[in-house]
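Just so it is clear, the model here is predicted, and its values are computed rather than measured. By convention in this document, chain letters (A, B, ...) are assigned in the order of the sequence lines, proteins followed by strands, and residues within each chain are numbered from 1.
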Number of protein chains: 2
Amino acid sequence: MKERDNRLQQIRELIETSDVCSQNELVERLAQKGCVVTQATLSRDLRRLRINKVATENGYRYMYAGPELVTARDDSNDVAHHRAPIKSIEFSGNFVVIKTRNGYATGLAYDIDMSHSPLILGTIAGADTVFAIMREDADRDDVADFISDFK
Amino acid sequence: MKERDNRLQQIRELIETSDVCSQNELVERLAQKGCVVTQATLSRDLRRLRINKVATENGYRYMYAGPELVTARDDSNDVAHHRAPIKSIEFSGNFVVIKTRNGYATGLAYDIDMSHSPLILGTIAGADTVFAIMREDADRDDVADFISDFK
DNA sequence: CCATTTTGTGAATATTTTTGCACTACAAGC
DNA sequence: GCTTGTAGTGCAAAAATATTCACAAAATGG
């Protein structure tokens with residue numbers, strides 16, 4: 001439905017550009033922008049968008065916060081032992097599928113991203129798997145070597 | 001105080017090892033472990049620990065989630081107004097790899113999904129990267145233009 | 001088309017979370 | 001020893017949020 005899509009977009013913008021502290025507040029702001037909606041619907045919208053109320057220094061605030069972000073944080077917790085996180089590297093089409101020890105995928109994906117290698121266009125990580133997309137002209141052996149370096 | 005430090009530790013463990021959906025539930029679990037506390041105090045403890053209730057696939061769950069996760073790296077800190085979330089758009093095979101500012105990938109992916117464009121079959125998002133699969137007969141320039149519109 | 005299912009919504013309500021207030025325990029300074 | 005100040009807490013109430021129910025609009029499938 002056009003109506004709701006528009007509303008969700010408005011919500012995203014409001015969340016990004018200002019500190020919203022409660023759903024009622026958001027209801028009012030949306031109304032000012034022409035989106036009339038009840039708090040009940042807003043609750044559902046926010047759930048859809050994975051926008052949650054989170055604690056900050058001084059109060060509460062609505063922002064994106066979801067499982068995938070938390071995984072990233074958990075990683076940084078226990079980097080105690082230096083066991084290699086990479087378990088396997090396999091290819092399929094222009095995809096690289098990297099299996100890691102549980103919890104390390106997000107961290108590895110981040111490291112790969114930060115290397116800005118010309119071989120890799122981007123990554124997405126779960127708890128123990130990284131999907132990386134290779135550049136079309138990249139060589140698999142080169143990529144495998146490159147990724148293996150992240151011990 | 002010794003008492004509270006111990007309790008906070010118990011809370012962390014419970015949060016990490018099991019799905020806790022409400023503060024009352026947590027009160028009960030803590031009681032089982034010997035920590036007797038009211039829900040009110042728990043609310044304060046969770047705030048202190050930056051543990052929030054976040055939306056997941058099927059329901060809600062308590063977990064670490066906070067500003068530091070989203071603003072962890074580079075820029076998203078001092079965003080004042082309307083900076084475009086999209087950083088780059090690249091192609092490989094039938095994939096589009098879209099890099100965004102940290103935290104915005106999920107929202108963008110959602111917006112792309114909701115547009116129901118005939119050009120895009122589906123998306124998957126991490127924290128700062130969206131993978132979108134193009135229809136086999138879609139033109140790259142068309143797709144690039146289409147995605148660029150999501151400012 | 002029509003019947004059926006799915007989806008989006010508001011109103012009211014249930015549930016959950018936060019907070020104001022009062023009280024206690026403990027600490028520091030006199 | 002007193003006073004004063006500061007945390008930590010429970011209780012109760014307020015505030016905020018999620019969900020149930022009912023219904024309408026839209027999609028789906030004959």
Side-chain angles (χ1 to χ4, degrees), chain A residues 1-12 14-15 18-67 70, chain B residues 1-12 14-15 18-67 107 110-111 113-118 121-122:
Chain A
M1 191 184 253
K2 193 83 187 316
E3 188 60 27
R4 189 176 69 169
D5 290 346
N6 175 52
R7 188 179 65 238
L8 293 179
Q9 182 56 37
Q10 301 279 326
I11 291 172
R12 293 215 316 121
L14 279 173
I15 292 297
S18 56
D19 280 16
V20 182
C21 300
S22 80
Q23 296 185 4
N24 279 331
E25 187 184 330
L26 195 48
V27 166
E28 290 178 20
R29 299 256 205 151
L30 281 171
Q32 288 171 3
K33 290 191 140 212
C35 286
V36 178
V37 79
T38 60
Q39 172 270 323
T41 299
L42 199 50
S43 172
R44 295 184 271 244
D45 286 349
L46 291 174
R47 179 122 125 77
R48 267 192 121 80
L49 291 169
R50 291 280 164 77
I51 292 174
N52 297 293
K53 187 168 76 168
V54 303
T56 64
E57 287 295 325
N58 39 12
Y60 293 87
R61 186 187 188 298
Y62 272 84
M63 56 194 303
Y64 284 105
V70 170
Chain B
M1 193 180 250
K2 196 85 186 311
E3 185 63 22
R4 189 176 67 171
D5 287 347
N6 175 51
R7 188 178 66 236
L8 293 180
Q9 183 54 39
Q10 301 279 327
I11 292 172
R12 269 192 238 114
L14 279 172
I15 291 298
S18 57
D19 281 16
V20 183
C21 299
S22 80
Q23 296 184 3
N24 279 331
E25 188 183 330
L26 195 48
V27 167
E28 289 178 21
R29 300 257 205 154
L30 281 171
Q32 288 171 2
K33 291 192 138 213
C35 286
V36 178
V37 78
T38 60
Q39 172 271 322
T41 298
L42 198 50
S43 173
R44 294 165 182 131
D45 286 349
L46 292 173
R47 177 125 131 74
R48 182 179 292 259
L49 290 170
R50 291 283 162 75
I51 291 174
N52 296 293
K53 187 167 76 168
V54 303
T56 64
E57 285 295 323
N58 39 13
Y60 294 86
R61 184 186 189 300
Y62 272 85
M63 56 196 320
Y64 284 105
Y110 180 80
D111 288 342
D113 283 347
M114 285 307 101
S115 72
H116 295 114
S117 165
L121 291 185

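C:dT19 atom C1' lies 16 Å from atom CZ of B:Arg48, rounded to whole Å. Nucleotide C:dT19 holds its P atom 13 Å from the CG atom of B:Leu46, rounded to whole Å. Following rounding to the nearest Å, A:Lys53 (NZ) and C:dT19 (C1') show an atom-to-atom distance of 11 Å. In this structure, the CG atom of B:Asn24 is 17 Å from the P atom of C:dA14, given to the nearest Å. Taking atom CG of residue A:Leu26 and atom P of nucleotide D:dT17, one finds them 10 Å apart after rounding to whole Å. The nearest whole Å value for the distance from the CG atom in A:Asn6 to the C1' atom in C:dG8 is 15 Å. The distance between atom CG of A:Asn52 and atom P of D:dA16, rounded to the nearest whole Å, is 17 Å. Following rounding to the nearest Å, A:Leu42 (CG) and C:dG10 (P) show an atom-to-atom distance of 10 Å.
Between B:Glu25 and B:Val20, the shortest heavy-atom contact is OE2-CA, 3.8 Å. Across all their heavy atoms, A:Ile15 and A:Leu26 have their closest contact at CD1-CD2, 4.4 Å.
A:Gln39 contributes a side-chain N or O that forms a donor-acceptor pair with the base of D:dA18 under 3.5 Å.
For A:Arg44, whose side chain is taken as the heavy atoms from C-beta onward, the closest listed nucleotide among D:dT9, D:dA16, C:dG10 is C:dG10. Here the side chain of A:Val37 is nearest to one of C:dG10, D:dG10, C:dT19, namely C:dG10. Residue A:Thr38 has its side chain nearest to C:dA11 when only C:dA11, D:dT19, D:dT9 are considered. Checked against C:dT9, C:dT16, D:dG10, the side chain of A:Thr41 finds its nearest nucleotide in C:dT9.
Proximity of B:Gln23 to the phosphate of C:dT15: no side-chain N or O atom is located under 4.0 Å from OP1 or OP2. For the pair B:Ser43 and C:dT18, the criterion of a side-chain N or O lying under 4.0 Å from OP1 or OP2 is met.
At a cut-off of 3.5 Å, with distance as the only test, no side-chain donor of A:Arg7 or A:Gln10 sits close to an acceptor on the other residue.
Within the 3.5 Å criterion, the main-chain N or O of A:Ala55 finds a donor-acceptor partner in the side chain of B:Asn52.
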